[in-house]
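Chain A is the first sequence line, chain B the second, and so forth, proteins listed ahead of strands; every chain is numbered from 1.
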Amino acid sequence: MNLADSDHKHANYDPAQIEAKWQKVWEEQQAFNAVDNDPSRPKYYMLEMLPYPSGTMHMGHMRNYTIGDAVARYKRTRGFNVLHPMGWDAFGLPAENAAIKNGTHPREWTQGNIAEFRHVMRRFGFSYDWRREISTCEPEYYRWNQWLFLRMFEKGIAFRKKSKVNWCPECATVLANEQVIDGYCWRHETTLVEVRELEQWFFRITQYSDELLADMKQLEDGWPERVLAMQRNWIGKSQGARVKFGVVQMDGVAVEVFTTRIDTIYGASALLISAGHPKLDELLTGVPGQGALNAQLKTMRQKSVRAADIALAEKEGFFTGRFAVNPFSGGHVPIWVANFVLAEYGTGAVMCVPAHDERDYEFAEKYHLPVKIVVQPKTGVPLRVDRMSEAFTEYGRVVDSGPYDGLTTEQAQEKMTADAKLKGFGAGETTYRLKDWGVSRQRYWGTPIPIVYCEKDGIVAVPDDQLPVRLPENVTLTGQGQSPLAGSPEFVNTTCPKCGGPARRETDTMDTFVDSSWYFYRYTDPHNSSAPFDKEKVRYWFPIDQYVGGITHAILHLLYSRFFCKVMRDIGLVNHNEPISRLFTQGMVQKGGVAMSKSRGNVVGAIEMADKYGCDTGRLYTLFAAPPEKDLEWSEEAIEGSARFLNKMYRLVSKHAERLRGIQTDLTQQTDLTSATAKEKLLVRKVHQTLKRITNDFEVRWHFNTSVSLLMTLANEIHAQEPLDVELSPMILKRVLEALVLMLSPMAPHIAEELWQMLGHQTSLAREKWPQYREDLAREEQFEVIIQINGRLRGKILVEDDLSEDETLNRALTDPRIAVLIAGKQVTKTVVVSRKLVNIVLR
RNA sequence: GCGGAAGUGGCGGAAUUGGCAGACGCGCCAGCCUUAGGAGCUGGUGGCCGAAAGGCCGUAGGGGUUCGAGUCCCUUCUUCCGCACCA
């Protein structure tokens, strides 16, 4: 054993011991409790997306919480009353699947997973207010799902209708859209999902389409552009018009088309309808060759429904034998069935204008339909049919369009839409891609829909005082047949709240996205048993100041949450329009270039990592390895660097802590450095320069990778000034080390607490203030000015802070090295940037 | 096709306002210490030329603006993500 050096008397950095110690202290002190309605401090609501507890937690999960925790801790040091809660998205199909496979009850399975997740989060020391923990599968929570459902039912937002759903014949149940992968079942990769018609519950999100779109303006500063773009795309607003085309020799029959380019209607050379159009059979009746046409139709309908296939499929169609009447020109155009016309969008029929639509152009080329130009570009060479090689889809000036000739596209659209309405064959219309949200699920592990069906009274809401409608515990789960709840007579059979007669309960449960659409409100008042939350508490804490989560939820969860907020506002529960001010989407953690996942077998377990290196090292590495928005490649080699740094921190502080322990310091007090040594000035300066930049990283840039590197640099600089007991007063050294520890604390909180205590502090760092930045202490006394000749680096000089530009130039020109280089040449220009650079331009 | 993001050493990445490209870390090389090292310390590490001093080249490619460009403008290419025959 040779440990006779000076470090021997200090124990080595032992993360396991330190981390357990401080987690216990924080818990005893309830250090991270958020205070409702604290008038003395500004509030800050820091939220990370709640996890679905399943399987083991790996480092891919932890990144989200590490980022959120660093910011939450930082904000506390800045004097904010921080609400930083955590909970569990605990309903969902995997629990049911596990139950079918292993015979465990979904509740048991879920609670086991929650216990595991909670354990890992505590092991990482995240600064949550655990008093506010919620779990969406508990009746205390889902009761309010039901309550909200009833309010929406009363307002007509929740409604029932027959609709097409995804049905997997293998599972014998309905699937959510996200469980359909390219037309196949996610559990049975070779089973095509069928479309069936079923009575289902829906939320009328389309009622808010325009508002959801318009309010994105408010989010432009705080949300990533790509998330907004994805939502905009998803809502898919499109302004146009419906126009009725009559059918020749079929009095009273008309086919309606939807178009955004009514101004091109004089260029229509056909009317195209989808193979699924409801009027198609009627149209085909009685035309010559009907049998052959029906056969073609059948073939077309049987073609794959996979979205990817449809997009790539060649355009195909056939003539129906019928003609339509263009209501503007009176001209007759053939009616074709075309495979690229979508039945579900618009009216399921379009006009074919080859000259001004790419798809129509392609179709017309293949089937030799006429091309007629009716819009000319406003400037440049006029179009000619015989020189056209592609459609002209831009706006321009209308030609060959009867009374509308000469109008601009915009004018023609307005006038033609108005005329169509006047003459009764059309009207302006706005369509959306967004559809109403189907929330019924034929599953067990979800919130029961609080509705009763009575022979006499029909659809009856369960009264509020009978909530929650509890999930029965004894249910057989087979994964087959209809909703599992239907197999539970004691659940199904009930009495009608209105007439008292026999009635049946709704046996579908709610989509689990309902649970997560408003959970963040519940955190403000998690134990309220008379309302989903207290309005005043929500008024105090909302909106969420910062939300952090994965990009995978860019549309569904975040759009539904925005929708719920607006519904809740209209119900009178909240008084804001948008629930989330700022959104941050962190990148994924990868191993071997792909996202960590159990199925890939490339996970780094969070507990294993913490046991090996300590959670502080894991947190630090997670922040250091990449800026938070980028994907992060987990490297077992690179993490050693973060471990080494924390070891270095521990050695650096523990080496000097003993003699500094009794020294009094105050980081905010005035400092007079006029008589300080060069070493002291240098260290204080470095601290304040670092402080400025790290503060900016937290406040503005959100690039914690550079924060970590700045701390490493500062630690290196302090170490480089060894011996630290020479020409350095203990008080200044202590303050330097304290600042270093404080700046480390949001990122590696356990070791920071330990070092803080080592330096003689009795109280936890969790309540400590961020150091006060001082410009005067950060200021350099001398500056290195670079000298360029023709923009190329040729020398450097040291100058004092207050040196004038003229004098700086003079020094540069007389620098011996520079003087040689410019001797005999003509200086045509000089550029001086004070304290930075001199550029001498020679001819 | 539309929309979004990005392209910098062997690797992760830095350069915040147009001003020393490659901070910090990994890896690698050399040395010290050590019975030993998955410990620690010191130094080096973009490419080319050179003994060195130093020089030249270099931020996906090309062009431009500027005293000066990774950064601004134009253009081409590549990669990733989302949407996708939405009329």
Side-chain angles (χ1 to χ4, degrees), chain A residues 1-3 5 7 12 224-234 236-238 240 257-262 264 272 307-308 310-315 338-342 344-353 356-360 362-363 393 431-433 551-552 554-555 620-621 624-627 629-645 647-648 651 692-693 696-697 700-701 703 705-716 719 722 784-796 828-833 836-842:
Chain A
M1 287 285 285
N2 184 349
L3 289 169
D5 57 46
D7 283 355
N12 282 318
E225 175 51 37
R226 65 172 171 155
V227 173
L228 296 176
M230 282 160 83
Q231 292 206 358
R232 223 173 266 130
N233 206 320
W234 187 263
K237 183 176 180 170
S238 170
V257 302
F258 175 74
T259 176
T260 55
R261 289 299 301 273
I262 193 171
T264 64
L272 311 177
I310 293 169
L312 293 172
E314 200 184 331
K315 294 189 174 27
N339 66 340
F340 65 95
V341 178
L342 305 172
E344 315 81 49
Y345 184 78
T347 58
V350 300
M351 59 185 197
C352 176
V353 186
H356 304 294
D357 182 282
E358 282 169 33
R359 296 151 302 181
D360 295 346
E362 197 186 317
F363 191 73
T393 58
T431 62
Y432 298 87
R433 213 183 74 106
I551 186 72
T552 38
I555 297 171
L620 197 77
Y621 175 69
F624 178 58
E629 73 278 6
K630 277 190 70 172
D631 287 346
L632 182 161
E633 174 69 21
W634 190 270
S635 157
E636 285 296 321
E637 283 178 332
I639 194 176
E640 299 281 354
S642 297
R644 282 203 276 263
F645 170 66
N647 264 302
K648 199 184 277 186
R651 279 197 313 273
K692 180 180 187 178
R693 295 182 62 184
N696 190 43
D697 281 349
V700 184
R701 283 173 19 111
H703 272 199
N705 55 327
T706 54
S707 310
V708 177
S709 83
L710 284 164
L711 287 178
M712 289 171 165
T713 308
L714 180 61
N716 290 344
H719 181 78
E722 291 272 16
E784 194 176 58
V785 169
I786 60 163
I787 307 170
Q788 297 178 332
I789 292 175
N790 292 339
R792 305 175 85 94
L793 178 66
R794 284 294 181 263
K796 294 174 183 179
T828 55
K829 181 168 183 168
T830 56
V831 179
V832 181
V833 180
K836 274 200 177 140
L837 140 155
V838 174
N839 190 8
I840 301 159
V841 185
L842 298 181

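Base orientation of B/G27: anti, the glycosidic angle falling outside 90° of 0.
Across all strands shown, A/Glu344 has no heavy atoms under 4.0 Å from either base or sugar-phosphate atoms. Within the 4.0 angstrom heavy-atom criterion, base atoms lie near A/Lys796. Counting non-hydrogen atoms under 4.0 angstrom, A/Val700 reaches nothing in the nucleic acid. Residue contacts shown for A/Val841 are limited to sugar-phosphate atoms, with no base heavy atom under 4.0 Å away. Across all strands shown, A/Pro224 has no heavy atoms under 4.0 Å from either base or sugar-phosphate atoms. Here A/His356 lies out of heavy-atom contact (under 4.0 Å) with every strand. As judged by a 4.0 angstrom heavy-atom cut-off over every strand, A/Asp631 is placed among residues touching the sugar-phosphate backbone only.
Pairing partner, B/A84: none, since no Watson-Crick or wobble contact has both distances short of 3.5 Å. Remark: B/G46 base-pairs with B/C57; criterion is Watson-Crick or G-U wobble with both hydrogen-bond distances under 3.5 Å. Under the Watson-Crick or G-U wobble criterion, with both distances below 3.5 Å, B/G18 is left unpaired in every strand shown. With a 3.5 Å ceiling on both atom-pair distances, B/U66 lacks any Watson-Crick or G-U wobble partner. Pair assignment for B/A51 gives none, since no Watson-Crick or G-U wobble pairing has each distance under 3.5 Å. In this structure B/C33 sits in no base pair that meets the Watson-Crick or G-U test at under 3.5 Å.
The environment of A/Lys315 atom NZ is dense: over 12 non-hydrogen atoms of other residues, nucleotides or ligands sit within 6.0 angstrom.
Distance from the side chain of A/Arg644 is smallest to B/G27 among B/C67, B/G27, B/C20. Closest to the side chain of A/His703, from the set B/C85, B/G13, B/A14, is B/A14. Side-chain atoms of A/Asn233 lie closest to B/C83 of the nucleotides B/C83, B/A87, B/A39. Relative to the side chain of A/Ala625, the nucleotides B/G12, B/A84, B/C20 differ in distance, and B/G12 lies closest. Side-chain proximity of A/Ser709 to the nucleotides B/C26, B/A15, B/C24 is greatest for B/C24. Checking B/G38, B/A87, B/A14 against the side-chain heavy atoms of A/Glu640 singles out B/G38 as nearest. Taking every side-chain heavy atom of A/Glu637 into account, B/G27 is the closest of B/G27, B/C85, B/G25. With distances taken from any side-chain atom of A/Asn705 to the nucleotides B/A84, B/C41, B/G13, the minimum falls on B/G13. Between B/G68, B/A14, B/G25, one nucleotide has an atom nearer to the side chain of A/Asn716 than all others, and that is B/G25. For A/Ser238, the side-chain atoms get nearest to B/A87 when compared with the rest of B/G25, B/G68, B/A87.
For B/G37 and B/U45, the C1' atoms lie 24 Å apart once the distance is rounded to whole Å. Between B/U65 and B/U75, the two C1' atoms lie 15 Å apart (nearest whole Å). Nucleotides B/G38 and B/G43 have their C1' atoms positioned 22 Å apart, rounded to a whole Å. Rounded to the nearest Å, the gap between the P atom of B/C24 and that of B/C56 is 26 Å. Distance noted for atom P between B/U8 and B/A14: 11 Å (whole Å). For B/G7 and B/C73, the P atoms lie 15 Å apart once the distance is rounded to whole Å. For the P atoms, the distance from B/G27 to B/C20 is 30 Å, rounded to whole Å. If you take atom C1' in B/A15 and the same atom in B/G22, they sit 8 Å apart, rounded to whole Å.
For B/C85, the OP1/OP2 oxygens have no side-chain nitrogen or oxygen of A/Lys315 closer than 4.0 Å. Taking 4.0 angstrom as the limit, A/Arg433 places a side-chain polar atom (N or O) nearer than this to OP1 or OP2 of B/A84. Side-chain nitrogen and oxygen atoms of A/Lys630 include at least one within less than 4.0 Å of the OP1 or OP2 phosphate oxygen of B/G13. Contact check, A/Tyr621 against B/G25: no side-chain N or O comes under 4.0 Å of OP1 or OP2. Residue A/Arg701 has a polar side-chain atom (N or O) positioned under 4.0 Å from OP1 or OP2 of B/A15.
Listed for the A/Asp357 side chain is no donor-acceptor partner under 3.5 Å among the backbone atoms of A/Cys352. Looking at A/Tyr621, its side chain never comes within 3.5 Å of a backbone N or O of A/Gly641 through a donor-acceptor pair.
The line from CZ of A/Phe363 to CD of A/Glu314 is 11.0 Å long, rounded to the nearest 0.5 Å. To the nearest 0.5 angstrom, A/Asn839 atom CG is 10.5 Å from A/Leu793 atom CG. The line from NZ of A/Lys630 to CG of A/Asn705 is 9.5 Å long, rounded to the nearest 0.5 Å. Separation of atoms CD (A/Glu358) and OG1 (A/Thr393) is listed at 5.5 Å; rounding is to 0.5 Å. Considering NE2 of A/His719 and CZ of A/Arg651, their distance stands at 8.0 Å, rounded to 0.5 Å. Atom-to-atom distance recorded for A/Thr431:OG1 and A/Lys237:NZ is 10.0 Å, nearest 0.5 angstrom.
As rounded to whole Å, 14 Å separates atom C1' of B/G82 from atom CZ of A/Arg232. Remark: P of B/G19 and CG of A/Leu793 are 15 Å apart, rounded to the nearest angstrom. A/Ile786 places its CD1 atom 7 Å from the P atom of B/A21, with the value rounded to the nearest Å. For the pair A/Leu342 CG and B/A84 C1', the interatomic distance rounds to 10 Å; values are reported in whole Å. B/C26 atom P lies 15 Å from atom CH2 of A/Trp634, rounded to whole Å. In this entry the distance linking CZ of A/Arg261 with P of B/A87 reads 11 Å, nearest Å. In this structure, CZ of A/Phe363 is placed 16 Å from P of B/C85, rounded to the nearest angstrom. Counting to the nearest Å, the P atom of B/G68 and the CG atom of A/Leu842 are 13 Å from each other.
Summary of the strand contacts: A/Ala349 and A/Ser635 both lie near RNA chain B, and taking for each the nucleotide with the nearest heavy atom, the more 5' one is attributed to A/Ser635. Nearest-nucleotide positions on RNA chain B for A/Leu632 and A/Ile555 put A/Leu632 closer to the 5' end.
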